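To start, the structure under review is shown below, and the notes come after it.
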Amino acid sequence: LGRQYRKDLEKDVVRLLQILDLGADHAVLRSIMNSAAAEDLQKLRAALEAKTAEFLPVTTQLSGATEQQEEMESGFLI
C-alpha cells in the first residue's frame, strides 16, 4: 500500500473511533493505528463505518417533500 493511502486509512479509522466516542485519547488512537497492519485497518474501517451508519443514520431534512411536490404539480395541470 502507498504511504498516502495508509495515512488516510489511519485517519479514517481514528475519525470513526472518535465519532463513536469510545473515550480513548487521540494520541493513543494514532499510536495504535501506526502499529496496526494495513489489512487489519481496512477491516476495522469497514466495521466502524457499518457501526457508525447504525448509530448515526443518514436522513433527509425534508421528509415528505416529494409527496408535497407531486400534490402541488397536479393542481397546475390543464
Side-chain angles (χ1 to χ4, degrees):
L1 297 175
R3 284 186 225 152
Q4 185 62 41
Y5 177 77
R6 166 103 186 172
K7 187 177 178 182
D8 290 342
L9 186 61
E10 290 173 7
K11 282 175 144 179
D12 283 347
V13 172
V14 169
R15 177 184 55 84
L16 290 165
L17 286 168
Q18 288 182 328
I19 287 172
L20 293 174
D21 194 25
L22 301 176
D25 186 40
H26 180 75
V28 171
L29 293 175
R30 293 292 299 163
S31 174
I32 293 169
M33 296 310 115
N34 286 334
S35 61
E39 292 171 355
D40 293 339
L41 287 175
Q42 290 172 333
K43 291 176 185 176
L44 183 57
R45 180 179 62 183
L48 290 171
E49 284 174 343
K51 194 60 154 175
T52 303
E54 271 181 39
F55 185 65
L56 300 169
V58 176
T59 58
T60 60
Q61 292 182 358
L62 302 174
S63 62
T66 56
E67 294 171 11
Q68 289 179 347
Q69 179 107 10
E70 291 172 9
E71 186 177 307
M72 289 175 55
E73 288 178 8
S74 64
F76 291 106
L77 294 176
I78 298 176

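No experiment lies behind these values; they were computed from the predicted model shown.
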For this session: Output the distance between atom CZ (Arg45) and atom CG (Leu9), rounded to the nearest 0.5 Å.
Result: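 Nearest 0.5 Å value for the CZ-CG distance: 5.0 Å.
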Exercise. How many angstroms lie between NZ in Lys51 and CG in Leu16, if you round to the nearest 0.5 Å?
Worked result: 13.0 Å
Exercise. Asp8: what forms a side-chain hydrogen bond (donor to acceptor under 3.5 Å, both in side chains) with it, not counting sequence neighbours?
Worked result: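 Result, side-chain hydrogen bond (donor to acceptor under 3.5 Å, both in side chains) vs Asp8: Gln4.
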Exercise. For Glu54, what residues pass the side-chain hydrogen bond (donor to acceptor under 3.5 Å, both in side chains) criterion, not counting sequence neighbours?
Worked result: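 For Glu54 there are no side-chain hydrogen bond (donor to acceptor under 3.5 Å, both in side chains) partners, ignoring immediate neighbours.
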Atom pairs and distances, donor-acceptor, side-chain atoms in residues 19-33, under 3.5 Å, two or more places apart:
from, atom 1, to, atom 2, distance (Å)
His26, ND1, Gln18, NE2, 2.9

Exercise. Could Arg6 and Glu10 be called an ion pair, given the rule that one side-chain N must be under 4.0 Å from one carboxylate O?
Worked result: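 Judged by the 4.0 Å cut-off on N to carboxylate O distance, Arg6 and Glu10 do form a salt bridge.
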